[in-house]
Amino acid sequence: MTPRKNASAAPEVRARRSAHGEPAPLPAAFYARPAEAVARELLGATIVSEAGGVRVSAEIVETEAYVGPEDEASHAAERFGRTARNDAMFGPAGTAYVYLIYGMHWCLNFVTGDEGFGAAVLVRAARPVDGIEHARARRPGRPDHELMRGPGNLARALGVDAALNRHPLDRPPLWIAPGRPIAEADVAVGPRIGISRAADWPLRFWLRGDPHVSGKS
DNA sequence: GAAACGATTATCT
DNA sequence: GATAATCGTTTCA
């Protein structure tokens, strides 16, 4: 059987700026492509969160792609179908999918591909840029390079929880702006972390050698 | 219904 | 390296 086609149109994404000098958010078209391409290109992009009324921004340094119904490690794998938990993953590209793992940690994902397809990018780690004092307050006792290291920690430091499930990622209180371009030589690719099925698929992307990346230090 | 598990993290030995 | 924390979802009877 032929797998359903994911969207593949490559949008022209330029870092336009608003009148206030801030980069315009990435448009929905950026996300309406295969999850692995979006995951790679999100490296170096900026997350801005105003959740909780305080502003925190960070540069994405680690992502994972969950590529569609054939991906057995995905919450949107074919054997699950569309359920109450994973429903947001089938929503429009460029919206958030936020879920609770191990009963205590929120994980932030960006929905990719065609609406109804079921793919997303998990944001695993970032480097705090602005509002780091607020991130420290949410992660007391942690050194700065661990504030957003790991998906649960990142969500905590940014104030992300279920209230942001399905939120469009081009507007407050949570949006993504283009960041610095990352050369291919600085990008590492390998298997995803913490999964048992499709454990060898190389769908994790990170900045080589960056101390804010999760995993072994 | 009941039991097991999970896209994790912190802490203990 | 091993394990507790903690709860919604999934799996099994």
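Since the structure is predicted, the reported quantities are computational estimates derived from the model, not experimental observations.
Residues satisfying the salt bridge (charged side-chain N to carboxylate O under 4.0 Å, His left out) test with Asp71(A), not counting sequence neighbours, are Arg192(A). Applying the ring-ring contact (aromatic ring centres under 6.0 Å, His included) test to Tyr99(A) and every residue at least two apart in sequence or in another chain returns His75(A), Tyr97(A). Residues satisfying the salt bridge (charged side-chain N to carboxylate O under 4.0 Å, His left out) criterion with Arg82(A), sequence neighbours excluded, are Asp87(A). With sequence neighbours left out, Arg197(A) forms a side chain to side chain donor-acceptor pair (under 3.5 Å) with no residue at all. Asn165(A) pairs by the side chain to side chain donor-acceptor pair (under 3.5 Å) definition with nothing, not counting sequence neighbours. Remark: Asp161(A) engages no residue in a salt bridge (charged side-chain N to carboxylate O under 4.0 Å, His left out) (not counting sequence neighbours). Arg171(A) pairs by the salt bridge (charged side-chain N to carboxylate O under 4.0 Å, His left out) definition with nothing, not counting sequence neighbours.
Comparing the same atom, C1', in dA7(B) and in dC12(C) gives a spacing of 23 Å after rounding to whole Å. For dC5(B) and dT3(C), the P atoms lie 15 Å apart once the distance is rounded to whole Å.
Along DNA chain B, the nucleotide nearest Ser196(A) and the nucleotide nearest Gly150(A) are compared for position; the residue whose nucleotide lies closer to the 5' end is Ser196(A).
To the nearest 0.5 Å, atom CG of residue Leu108(A) and atom CZ of residue Arg124(A) are 12.5 Å apart.
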*Pairing of DNA chain C as dot-bracket, 5' to 3': ( ) intra-strand, [ ] crossing, | other strand, . unpaired, with Watson-Crick or G-U pairs under 3.5 Å?*
|||||.||||||.

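Contacts of Arg139(A) with the nucleic acid, taken as non-hydrogen atoms under 4.0 Å apart, involve only primed sugar atoms and P, OP1 or OP2. Counting any heavy atom pair closer than 4.0 Å across all strands shown, Asn153(A) reaches sugar-phosphate atoms only and no base atom.
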*asked:* Strictly under 4.0 angstrom, non-hydrogen atoms only: write out the protein contact profile of nucleotides 5-13 of chain C, one letter per nucleotide from the 5' end, B, S or -.
replied: BBB-SSS--

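Side-chain heavy-atom separations under 4.5 angstrom define the hydrophobic clusters, and Val54(A) shares its cluster with no other residue.
Rounded to a whole Å, the CD atom of Glu64(A) is 14 Å from the C1' atom of dG6(B). Arg124(A) has its CZ atom 6 Å from the P atom of dT9(B), to the nearest Å. Rounded to whole Å, atom C1' of dT9(B) lies 16 Å from atom CH2 of Trp106(A). Summarising the geometry, the separation between CG on Leu122(A) and C1' on dG6(B) is reported as 13 Å, rounded to the nearest angstrom.
Stacking of the aromatic ring of Tyr66(A) onto the base of dA7(B) is found: the ring centres lie under 5.5 Å apart and the planes are inclined by under 30°.
Ion pair Glu72(A)/Arg79(A) flagged as a salt bridge, since at least one NZ, NE, NH1 or NH2 atom sits closer than 4.0 Å to an Asp/Glu carboxylate oxygen.
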Let me check something: any side-chain donor-acceptor pairs from residues 39-49 of chain A under 3.5 Å, sequence neighbours excluded? List them with distances.
residue  : atom : partner   : partner atom : Å
Arg40(A) : NE   : Glu184(A) : OE2          : 3.0
Arg40(A) : NH2  : Ile182(A) : O            : 2.8
Arg40(A) : NH2  : Glu184(A) : OE2          : 2.7
Glu41(A) : OE1  : Arg33(A)  : NH1          : 3.3
Glu41(A) : OE1  : Arg33(A)  : NH2          : 3.1
Glu41(A) : OE2  : Arg33(A)  : NH1          : 3.0
Ser49(A) : OG   : Ala51(A)  : N            : 3.2
Ser49(A) : OG   : Leu158(A) : O            : 2.7

Collect all protein-nucleotide pairs involving nucleotides 11-13 of chain B in which both atoms are nitrogen or oxygen and the distance is under 3.5 Å.
residue : atom : partner   : partner atom : Å
dT11(B) : OP2  : Arg142(A) : NH2          : 2.9

